[in-house]
Protein chains: 2
Amino acid sequence: MKLKQLPNNLLGVSAINKASQPKHDVFQAISDPTRRSMLKLLADREMSIAEIVEYFPITRTAVNKHLHILSEAGLVRSRKAGRETRYMLIPAPLIQIQNWLSFFEQYWDERLSALRRFVEEDND
Amino acid sequence: MKLKQLPNNLLGVSAINKASQPKHDVFQAISDPTRRSMLKLLADREMSIAEIVEYFPITRTAVNKHLHILSEAGLVRSRKAGRETRYMLIPAPLIQIQNWLSFFEQYWDERLSALRRFVEEDND
DNA sequence: TTAATATGTAAGCGATTCCTTAACAAGGAG
DNA sequence: CTCCTTGTTAAGGAATCGCTTACATATTAA
């Protein structure tokens, strides 16, 4: 991954930096349907583990581990609030997926990409 | 522990009915970096297994299995040509990823889209 | 303080993943 | 024909995954 001398604190998110290699990356994190559902859940509002558990047929421990994996991927951040730990969505790392996908956009529809190239040439 | 009887599609958890589905979906297929590289390889042209093997430090058998997984996810199609089996990219299923990502776009703010302009490409 | 609530972690279990070697089938070149 | 290449499958090993129960810790309520 090449980065153009990006001001480090543009987002306050250092999870994008690959220098530190967490065991779980974003692609792995979203490969599990339960974790994908959790991300959608947390999109609305931050939630405690006890709240999240209500939405899934698994134990609190399992939910905890899923959140830990999401956290390693930088997709979630935790915050202690009394005896609760509340989790919130951090969508930033999803850009890695988006970016990877963008490579293939030109192959989705040959005619469409031909049109796009034509328009872009027109803009230049 | 009580479970809220949640409507099946509220969270997009319809992936729970696994009984009839192929074993590997698109999210799982692209969770492996080797498979992501293979897809990029095949974007240029169709290739035989023997050709693909040259690009990875794994055996023919391992490459074969990766391609089988990609095929189950619909991302690749095979074609017999003499004693070779040539594989070509089918990018269409990647739309499923794109669709899932689009849900989160509303949560990307200004600074995030600024970041996207700085990020160039993953070295997958 | 005592009890109830909320979370974290260790240990373990069965399934899956990624890879290997070995064996086998079949097309193409000599 | 024989030899070489190409692909597939079987069997298995090491590691990881997803989940559980059991236990430990920390905060709040009564």
Side-chain angles (χ1 to χ4, degrees), chain A residues 21-39 41-42 45-73 75-88, chain B residues 1-4 11 13 15-19 21-39 41-42 45-73 75-88 124:
Chain A
Q21 290 225 357
K23 210 170 62 176
H24 296 97
D25 68 348
V26 189
F27 288 90
Q28 275 186 325
I30 70 165
S31 70
D32 183 84
T34 300
R35 285 194 289 271
R36 289 200 297 277
S37 295
M38 286 181 179
L39 291 179
L41 253 190
L42 295 175
R45 55 186 180 87
E46 68 171 31
M47 296 174 72
S48 70
I49 289 188
E51 279 178 300
I52 300 173
V53 167
E54 299 295 318
Y55 290 86
F56 300 95
I58 57 179
T59 62
R60 197 177 30 88
T61 304
V63 170
N64 191 10
K65 292 189 176 182
H66 279 306
L67 288 170
H68 201 262
I69 289 174
L70 290 172
S71 177
E72 277 186 358
L75 286 165
V76 135
R77 193 185 311 169
S78 66
R79 173 175 78 82
K80 293 305 265 303
R83 62 180 159 184
E84 292 182 344
T85 305
R86 308 194 66 82
Y87 287 84
M88 68 180 67
Chain B
M1 166 185 325
K2 74 178 175 184
L3 267 183
K4 284 181 185 169
L11 289 173
V13 281
I16 286 178
N17 57 2
K18 285 197 162 98
Q21 305 302 48
K23 212 170 64 173
H24 295 98
D25 68 348
V26 188
F27 287 89
Q28 271 189 324
I30 70 164
S31 70
D32 183 84
T34 300
R35 286 194 289 272
R36 289 200 297 278
S37 296
M38 287 180 178
L39 291 179
L41 253 190
L42 295 175
R45 53 186 180 88
E46 69 172 29
M47 296 174 71
S48 69
I49 290 188
E51 279 178 300
I52 299 173
V53 166
E54 298 298 318
Y55 291 85
F56 301 95
I58 57 180
T59 61
R60 251 178 321 145
T61 304
V63 170
N64 191 11
K65 291 190 176 180
H66 279 306
L67 289 170
H68 203 262
I69 290 172
L70 290 172
S71 178
E72 276 187 359
L75 286 165
V76 133
R77 192 187 317 173
S78 66
R79 173 175 77 82
K80 294 304 266 298
R83 64 180 159 182
E84 292 182 344
T85 306
R86 307 192 68 83
Y87 287 84
M88 69 181 66
D124 290 322

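All chains are named by letter (A, B, ...) in the order of the sequence lines, taking the proteins before the strands, and each is independently numbered beginning at 1. Predicted model, so just to flag it, every value in this text is computed and none were measured.
B/Ser37 and B/Phe56 get closest at one heavy-atom pair: CB-CE2, 3.6 Å. The two residues B/Leu42 and B/Tyr87 have their closest heavy-atom pair at CD2-O, 3.4 Å. Nearest heavy atom pair, residue A/Ile58 against residue A/Val53, reads O-CG1, 4.0 Å. Across B/Leu75 and B/Val26, no two heavy atoms sit closer than the pair CD1-CG1, 4.0 Å.
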Which atom pairs link the protein and nucleotides 1-5 of chain D when you take only N or O atoms and keep those under 3.5 Å?
residue	atom	partner	partner atom	Å
D/dT5	O2	B/Arg83	NH1	3.1

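Note on A/Arg35: only backbone sugar-phosphate atoms sit closer than 4.0 angstrom, heavy atoms only; bases stay farther off. Residue contacts for B/Gln28: at a heavy-atom cut-off of 4.0 Å it reaches the sugar-phosphate backbone alone, with no base atom in range.
Within the structure, a side-chain polar atom (N or O) of A/His66 is placed less than 4.0 Å from OP1 or OP2 of D/dC19.
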Please walk me through it: do A/Arg35 and B/Phe27 pass side-chain contact (heavy atoms from CB on, under 4.5 Å)? CA-CA 12 Å; A/Arg35 285 194 289 271; B/Phe27 287 89; over 6 Å; no

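With contacts defined as side-chain heavy-atom distances shorter than 4.5 Å, the pair A/Lys65/A/Ile69 does not qualify. Residues A/Asn64 and A/Thr59 fail the side-chain proximity criterion, which asks for heavy atoms closer than 4.5 Å. Looking at A/Leu67 and A/Thr85, their side chains never come closer than 4.5 Å, going by heavy atoms from C-beta outward.
Note: CG (A/Leu70) to C1' (D/dG18) measures 14 Å, nearest angstrom. Distance CD1 (A/Ile30) to P (D/dC17): 16 Å, rounded to an integer number of Å. In this structure, CG of A/Asp32 is placed 17 Å from P of D/dT16, rounded to the nearest angstrom. Spacing between atom CZ of A/Arg86 and atom P of D/dA26 amounts to 21 Å, rounded to whole angstrom units. When rounded to the nearest whole Å, the span between NZ of B/Lys65 and P of D/dA11 equals 12 Å. Rounded to whole Å, atom C1' of D/dG7 lies 15 Å from atom CZ of B/Arg79.
Near DNA chain C, meaning a heavy atom under 4.0 Å away, the residues from residues 54-64 of chain B are B/Pro57, B/Ile58, B/Thr59, B/Thr61, B/Ala62.
A salt bridge is defined here as a Lys NZ or Arg NE, NH1 or NH2 lying under 4.0 Å from an Asp or Glu carboxylate O, and A/Asp25 with B/Arg36 meets this definition. Classification of A/Arg86 and A/Glu51 as a salt-bridged pair holds, one side-chain N sitting under 4.0 Å from a carboxylate O.
Reading DNA chain C from its 5' end, the first and the last nucleotide to sit under 4.0 Å from a heavy atom of chain B are C/dT17 to C/dG28.
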